[in-house]
Amino acid sequence: MRAIVIGAGVAGLACAVELAGRGVAVEVLERGDRLGAGCCSWLAGGMLAPWCERESTEPLVATLGMESLPWWAANFPGTVLRGSLVVAHGRDAGELRQFAQRTERYQSLDGEHIAALEPDLAGRFSRALYFPEEGHLDPRAALEALAARLGALGVPIRFGADTQACREKTLAAQAAGGIVIDCRGLEARDALPDLRGVKGEMLVVRLPDVSLSRPVRVLHPRVPVYIVPRGDGHYMIGATMIESDQPTRITARSMLELLGAAYALHPAFGEAEIVEIGTGVRPAFPDNLPRVQRIGGTVYVNGLYRHGFLLAPALARQAAECVLAGENSPEVMHADSRQRRLA
Ligand SMILES: Cc1cc2nc3c(=O)[nH]c(=O)nc-3n(C[C@H](O)[C@H](O)[C@H](O)COP(=O)(O)OP(=O)(O)OC[C@H]3O[C@@H](n4cnc5c(N)ncnc54)[C@H](O)[C@@H]3O)c2cc1C
C-alpha cells in the first residue's frame, strides 16, 4: 500500500509516522521550503491538556486527547509530564470556581501547595487547580523529532512541493491504488468549505530569573492567558482567539493583554526580553471538533483547532485505520459524538 501525505504540520507528520509504522510506503509533500514554514503548528504552545480543555470543549476532545500523552512520550523524549496549573487573582476567584465546575481530574491547591509545586509563585496565589495528568512539549522540537523519525523509517519529506506537483503525485498514487492523506490545515478549504480560521497571537520571552516547570493558565473574565516553559529561561505566552483567517501582525491590544497577564503572574516578566512575536491561524470546523473524513481516494484530517498537538496522535491512528480498512471504513470517524451533540 502506498500513501501520499500532503502537509508537514503536526497532523501530517503524525499521520506519516502512524502509517509508516504499519508498513505503508509513505511520502510527505510539503509546500513550505522547510519544516515549520507557513505552518500553524510552528506557533503552538505545546500544551497537552485534555482535562483543562474540557472547560470549553466537548468530551470527545478529552477522550481523543488522552491518547496523546503516551504517544508523545513514546515518540518525543522531550515530552514533559508534570501536569499543569490554573490560577486566578483574588478578584477573579469566580473564574477559578467556574473552571473547576467545567473540568475534571484536578486537585485543589492552597498557597502552600502551589509554592511546593512552583516555588517562584510562592505567596502570589492562595488557590489553584492542579491537573497532574497533563503535559507539555516544545512544538518545534517535537516536529523536528517526528521528521527525524520519518527519516529513520525511510519516509521522504519533499519540501517546496507546489500545487501542480501535489496534484500529479496525488493522481498517480490514486491511479496505482494508493491513498492520499490531506493534512493541509486551513488550505484545505477548497475541499472542506466549512473550515474557518481562528487567529492566535503569541509571544516568546526570555526570563532566566523565573523558573516555572509546567504550563500555568492565568484566568481572567476577558483574556485568559497561559505561559508555557520552553526551557533555558524561555516562555511562550499565548494565545488570543480571534475569528479571522488572516495571519496579520499582532495588535497592540493583544500584546498588552498577553504581557499584562504574564506580569500579573509574576512581576519579573516586566523585565523579560521579547524574543519572538508570532501569529498563526488555527483550522476549525463550525463545531470546533476535529474530523477524519474519507472522500473518494482521499482521507482528510483537519479541524484540529486549538488542539493540534493534543489530538494529532489519536487522529493519526484513526486515519491509519481508515486507510487500512479502505472502503470498509466509516466516511467520517467519530461521527457518533458529533451526531449525539447535534441531537
Ligand atoms: C498561538 C497558537 C497556540 C496554540 N497552542 C496549542 C497548544 O498549546 N496545544 C495544542 O495542541 N494546539 C495548539 N494550537 C493549535 C495547533 O497549532 C493547530 O491545531 C495545529 O497546528 C494544526 O495542525 P495542522 O497540521 O492541521 O495544520 P498546519 O500546522 O497549518 O499544517 C499544514 C501544513 O500543510 C502545508 N500545506 C498547505 N497547503 C499545501 C499544499 N497545497 N501542498 C503541500 N503542503 C501544503 C502547510 O505549509 C503546512 O505546513 C495553537 C495554535 C496557535 C495559533
Side-chain angles (χ1 to χ4, degrees), residues 4-16 28-50 52-53 57 61 64-65 68-69 72 84 134-140 142-143 146-147 157-167 169-170 180-192 195 197-204 215 217 225-228 236-242 244 247 250 254 258 276-284 288 290-292 300-316:
I4 304 275
V5 174
I6 308 182
V10 69
L13 295 180
C15 284
V28 180
L29 304 179
E30 165 56 44
R31 184 181 57 176
D33 60 359
R34 65 196 141 76
L35 199 62
C39 149
C40 176
S41 304
W42 204 249
L43 280 305
M47 290 187 299
L48 305 173
C52 279
E53 288 298 316
T57 59
V61 170
L64 295 176
S68 78
L69 291 129
W72 281 114
S84 47
E134 298 190 333
H136 70 281
L137 46 72
D138 177 340
R140 298 172 187 184
L143 293 174
L146 293 188
I157 306 178
R158 305 205 193 284
F159 292 103
D162 60 18
T163 309
Q164 184 61 22
C166 285
R167 189 166 296 133
K169 289 248 184 193
T170 298
V180 174
I181 320 294
D182 187 317
C183 300
R184 286 179 293 148
L186 198 59
E187 291 301 312
R189 275 180 297 186
D190 52 1
L192 306 170
L195 262 185
V198 181
K199 179 181 164 187
E201 298 154 311
M202 55 79 94
L203 304 170
V204 178
R217 294 181 189 231
V225 167
Y226 55 79
I227 294 168
V228 188
M236 184 272 196
I237 307 175
T240 54
M241 301 275 291
I242 299 165
S244 167
I250 191 168
S254 299
L258 294 176
E276 182 182 335
I277 301 167
T279 59
V281 182
R282 310 169 180 94
N288 292 334
R291 205 182 286 167
V292 177
Y300 292 87
V301 180
N302 218 312
L304 279 69
Y305 183 47
R306 51 182 281 168
H307 310 115
F309 284 80
L310 180 63
L311 297 180
L315 300 178

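We count ligands from 1, going down the list as the structure has it; atoms in each ligand are counted the same way.
Where the criterion is an N or O separation shorter than 3.5 Å, residue side chain and backbone included, C40 meets it with respect to ligand 1. Where the criterion is an N or O separation shorter than 3.5 Å, residue side chain and backbone included, T163 fails it with respect to ligand 1. Below 3.5 Å of separation, one finds an N or O of L310 facing an N or O of ligand 1. By the 3.5 Å distance cut-off applied to N or O atoms, E30 is counted among the residues near ligand 1. Looking at ligand 1, you won't find any N or O of G200 less than 3.5 Å from one of its N or O atoms.
At least one donor-acceptor pair under 3.5 Å links the side chain of R282 to the backbone N or O of V198. Under a 3.5 Å cut-off, the side chain of T240 and the backbone N or O of E201 do form a donor-acceptor pair.
Of the listed residues (H307, R184, H136), the one carrying the non-hydrogen atom nearest atom 39 (C) of ligand 1 is R184. Here the shortest heavy-atom distance to atom 2 (C) of ligand 1, taken over L311, L43, D162, belongs to L43. Here the shortest heavy-atom distance to atom 20 (C) of ligand 1, taken over G65, S41, A161, belongs to S41. For atom 25 (O) of ligand 1, the candidate residues are G308, A11, P139; the nearest heavy-atom contact is made by A11.
At a heavy-atom cutoff of 4.0 Å, ligand 1 is contacted by both the backbone and the side chain of L304. For L186, no heavy-atom contact with ligand 1 is shorter than 4.0 Å. Contacts with ligand 1 closer than 4.0 Å are made by no heavy atom of A188, backbone or side chain.
Taking 4.5 Å as the limit, some side-chain heavy atom of I250 sits within range of a side-chain heavy atom of L203.
Residue contacts with ligand 1 leave out G238, since none of its heavy atoms falls under 4.0 Å from the ligand. Residue contacts with ligand 1: Y226 is included, with a non-hydrogen atom under 4.0 Å away. Contact annotation: V10 has at least one heavy atom less than 4.0 Å from an atom of ligand 1.
Scanning the protein heavy atoms around atom 31 (O) of ligand 1, the nearest turns out to be G9 CA, 3.4 Å.
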